[in-house]
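For reference, the structure discussed in these notes is given below.
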Amino acid sequence: MANMPSIPKGTRDFSPVEMLRRKHIFGTIETVFRKYGFLPLETPAMEKLETLTGKYGEEGDRLIFKVLNNGDVWKEVAPELKAALAKGEEVHPGKLATSLSGKALRYDLTVPFARYVVQHRNELAFPFKRYQIQPVWRADRPQKGRYREFYQCDADVIGSKSLLNEVELVELTAEVFNAFGLQVAIKVNDRKVLSAIAEISGQPEKVVDMVTAIDKLDKIGLEKVQEEMRAKGISETALATIAPLFRLHGTWPAQKQQLQDWLGSVPLAQEGIRDLSTVFDTAGQLGNATLEFDPTLARGLDYYTGAIFEVKANEGSLQSSIAGGGRYDDLTGIFGLKDMSGVGISFGADRIYDVLLELGKFPAELGSSTRVLFANFGDAEALHCLKLLRTVREAGIAAELYPDAVKMAKQFKYADDKGIPFVAIIGENEMKQGIVTVKEMKSGEQRAVKEGELLDAIV
RNA sequence: GUGGAUGUAGCUCAGUUGGUUAGAGCGCCGGAUUGUGGUUCCGGAGGUCGCCGGUUCAAGCCCGGUCUUCCACCCCA
């Protein structure tokens, strides 16, 4: 239709049914967060542009949604830029952008959190544990499972270097997905190991390139990974040096031994292996979470420095990660606060939604909320129903009165559409006799009960 | 940001080499049933064919642009 209104690219409306399911996801995650001692925090949808730029790499900067300044933006453009533009000269878009936009929509929850910690450092008790469930925005090109506005559910603890935090987050993650009844793989690696590999390769400055290439192993295969690394200027000798990484096999104890034999002489690697051991051993003794060591797990964000996690569903068709996180030693450093190590995990609610929906893992009772609908026969009957409605609601049962005295068929259809299990019918006769005709929609059966027995009839 | 597909009724889709008033199923509304939904029967409404422009005597169909959705890349939750 020509004049049908619509919403911006990559954004979505959520219908009541969808919202009930989304609330189920947020609620489950939030309950677990609270259980582990995390407290809620919210930050503004917008941050100052300078807070966000340069934190997500070159690619990330491009994906930040910038907000146009209010007022006469043109007036704020520097005279020399205007002159250049008037002459038809090329102007660096970034330069122009800073005059036109001073704020941007948040790209993730971690950087605003770091900003918050630095800004409020004197008021916080460290280690500071907070959770944050809010939307973030990315100017990415949308695809399935990839939106321009989506929610992240983050839990971070900052101001503690203890690996117990990693263990707790792993436990927390296992508990969340257990609550959803979803089989997942929790993959773990350590950036220090990856950095050590880059070190011995002789091209330590290429860590980021190596890491992003290695991360694609399960998707594109070894040959293409090596191809990409060559394209990024990584030498054949370096490739040969890091090759053992792709030959690690077995599960953790065996993998650990192979890492030791290979990298044991590199101090950074020793540290990484030791940390991984601590996490695996401690989590293993607790026995709640099953971890997999994945030496090729890298994760894109360059602020990670220690442990990194990623969660993928073992069922369903979605291959991308549904949660991820890691340790960052110096995230607050860029805002001027040194020595603040933190570790966090982020759950991708929208992707979890898609997986649960595909697998039919949403609880059935999410569908309905109202338990009984009172049919409306007119003013006198409606008033009578309002009184009964109150007692039903006081018993904690969701109930509603159809607002208009329209014909019965329409009122029953409403109950049917909305999945309301019972309809209470109180016409002139029922009212006079002090009874209620209760119809159970599913079976179609109906019976008359005394007003006082209504609650029993609809349980 | 790069490359490629897509768009016809609220939804899912037909629509011949360009040729009169653009169709179906589902849904919606009304009636059969003035106190009964989900089944059945009958009737009805609803589309300037995503939008803008061009070619043509004539465009849903051809061409250009633009937007949407989807796919691959990039990157990521």
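Quick note on labels: first sequence line is chain A, next is B, and so on, each numbered from 1.
Rounded to an integer number of Å, the gap from A:R138 CZ to B:C76 C1' is 6 Å. The CG atom of A:N429 sits 11 Å away from the P atom of B:G35 (whole-angstrom rounding). As a whole-Å value, the separation of A:Y56 OH from B:C76 C1' is 13 Å. Rounded to an integer number of Å, the gap from CZ of A:F347 to C1' of B:A77 is 12 Å. Protein atom CD of A:E440 is 13 Å distant from nucleotide atom C1' of B:G38, rounded to whole Å. Rounding to whole angstrom units, CZ of residue A:F374 and P of B:G37 are separated by 20 Å. Taking atom CD of A:E228 as the reference point, atom P of B:C74 lies 7 Å away to the nearest angstrom. Atom CD in A:Q132 sits about 15 Å away from atom P in B:A77, given to the nearest Å.
Figure legend: cation-pi geometry between A:R138 and A:Y107, with NZ or CZ positioned under 6.0 Å from the six-membered ring centre and within 45° of its axis.
Partners of A:E30 under the salt bridge (charged side-chain N to carboxylate O under 4.0 Å, His left out) rule, at least two apart in sequence or in another chain, do not exist in this structure. Residues that satisfy the side chain to side chain contact (heavy atoms under 4.5 Å, CB included) test with A:T11, not counting sequence neighbours, are A:I7, A:P8, A:E149. In terms of the side chain to side chain contact (heavy atoms under 4.5 Å, CB included) criterion, residue partners of A:E168 (sequence neighbours excluded) are, by chain and number, A:Y36, A:K129. With sequence neighbours excluded, the residues forming a side chain to side chain contact (heavy atoms under 4.5 Å, CB included) with A:V67 are A:M46, A:K103, A:L105, listed by chain and number. With sequence neighbours excluded, the residues forming a salt bridge (charged side-chain N to carboxylate O under 4.0 Å, His left out) with A:E236 are A:R230, listed by chain and number.
Taking the C1' atom of each, B:G23 and B:C49 are spaced 12 Å apart, rounded to whole Å. Using atom P as the reference point in both B:C42 and B:G7, the two lie 34 Å apart (nearest Å). Look at the C1' atom in both B:G19 and B:C61: the space between them is 12 Å, to the nearest Å. Separating the P atom of B:C52 from that of B:A14 is a span of 24 Å, rounded to the nearest Å. Comparing B:U6 with B:C70, their P atoms sit 16 Å apart, to the nearest whole Å. Nucleotides B:A77 and B:C11, compared at atom C1', are 29 Å apart to the nearest Å. Taking the C1' atom of each, B:C29 and B:A9 are spaced 15 Å apart, rounded to whole Å. B:G3 and B:U17 are spaced 32 Å apart, taking the P atom of each and rounding to whole Å.
Here A:A323 lies in heavy-atom contact (under 4.0 Å) with sugar-phosphate atoms only. Counting non-hydrogen atoms under 4.0 angstrom, A:E430 reaches a base of the nucleic acid. Counting any heavy atom pair closer than 4.0 Å across all strands shown, A:A409 reaches sugar-phosphate atoms only and no base atom. Within the nucleic acid shown, A:S321 comes within 4.0 Å of sugar-phosphate atoms alone, with no base atom in reach, counting heavy atoms only. Looking at heavy-atom distances under 4.0 Å, A:G444 makes contact with a base. Within 4.0 Å of A:I322, counting heavy atoms only, lie sugar-phosphate atoms of the nucleic acid but no base atom. Among the heavy atoms of the strands lying under 4.0 Å from A:K216 are primed sugar atoms or P, OP1, OP2 only; no base atom is included.
Pair check for B:C26 finds B:G10; Watson-Crick or G-U wobble, both atom distances under 3.5 Å. Nucleotide B:G38 has no partner under the Watson-Crick or G-U criteria, as no pair reaches both atom distances under 3.5 Å. The partner of B:C62 is B:G54, judged by Watson-Crick or G-U wobble contacts that both fall below 3.5 Å. Base pairing annotation: B:U2 forms a Watson-Crick or G-U wobble pair with B:A72, both donor-acceptor distances under 3.5 Å.
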Where do N or O atoms of nucleotides 27-31 of chain B meet protein N or O atoms at under 3.5 Å, pair by pair?
unit_1: B:C28; atom_1: OP1; unit_2: A:K413; atom_2: NZ; d: 2.8
unit_1: B:G31; atom_1: OP2; unit_2: A:K407; atom_2: NZ; d: 2.6

With the sugar-phosphate defined as primed atoms, P, OP1 and OP2, and the base as all remaining atoms, what B/S/- string results for nucleotides 65-72 of chain B, 5' to 3', for protein heavy atoms under 4.0 Å? ---SS-SB

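Sorted by first and then second residue, the side chain to side chain donor-acceptor pair (under 3.5 Å) pairs involving residues 289-298 of chain A (not counting sequence neighbours) are A:D294-A:T296.
Residue A:Q446 places a side-chain atom within donor-acceptor reach of the base of B:U36, judged by atom type and a 3.5 Å distance cut-off alone. Looking at A:D416, its side chain comes within 3.5 Å of the base of B:G37 through a donor and an acceptor atom.
Distance CG/A:L356 to CZ/A:F362: 4.5 Å, rounded to 0.5 Å.
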Before giving the answer on ring-ring contact (aromatic ring centres under 6.0 Å, His included), spell out for A:F177 and A:F347 the whole-Å C-alpha distance, their side-chain angles and the decisive distance to 0.1 Å. CA-CA 10 Å; A:F177 288 108; A:F347 293 85; 5.6 Å; yes

Could you walk me through whether A:K55 and A:E47 satisfy the salt bridge (Lys or Arg N to Asp or Glu O under 4.0 Å) test, starting with their C-alpha distance in whole Å, then the side-chain angles of each, then the deciding distance to 0.1 Å, before giving a yes or no? CA-CA 13 Å; A:K55 310 299 189 298; A:E47 291 282 344; over 6 Å; no

Without placing hydrogens or testing angles, list every side-chain donor-acceptor pair under 3.5 Å for residues 425-439 of chain A, not counting sequence neighbours.
unit_1: A:E430; atom_1: OE1; unit_2: A:G427; atom_2: N; d: 3.0
unit_1: A:E430; atom_1: OE2; unit_2: A:T437; atom_2: OG1; d: 2.7

For residues 440-449 of chain A, tabulate all N or O donor-acceptor pairs below 3.5 Å that involve a side-chain atom, not counting sequence neighbours.
unit_1: A:E440; atom_1: OE1; unit_2: A:S443; atom_2: OG; d: 3.1
unit_1: A:S443; atom_1: OG; unit_2: A:E445; atom_2: N; d: 3.2

Distance-only criterion, 3.5 Å: show the donor-acceptor pairs between side-chain atoms of residues 378-392 of chain A and protein atoms not counting sequence neighbours.
unit_1: A:H384; atom_1: NE2; unit_2: A:E451; atom_2: OE2; d: 2.8
unit_1: A:R390; atom_1: NE; unit_2: A:E394; atom_2: OE2; d: 3.4
unit_1: A:T391; atom_1: OG1; unit_2: A:L388; atom_2: O; d: 2.7

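A stacking contact links A:F150 to B:A77: the aromatic ring centre lies within less than 5.5 Å of the base's six-membered ring centre, and the planes differ by less than 30°.
Remark on RNA chain B: of its neighbouring residues A:K442 and A:M408, the 5'-side contact belongs to A:M408, judged by nearest-heavy-atom nucleotide.
Within residues 447-459 of chain A, no residue has any heavy atom closer than 4.0 Å to RNA chain B.
Contact annotation: the side chain of A:D154 never approaches that of A:Q134 to less than 4.5 Å [non-hydrogen atoms, C-beta and beyond].
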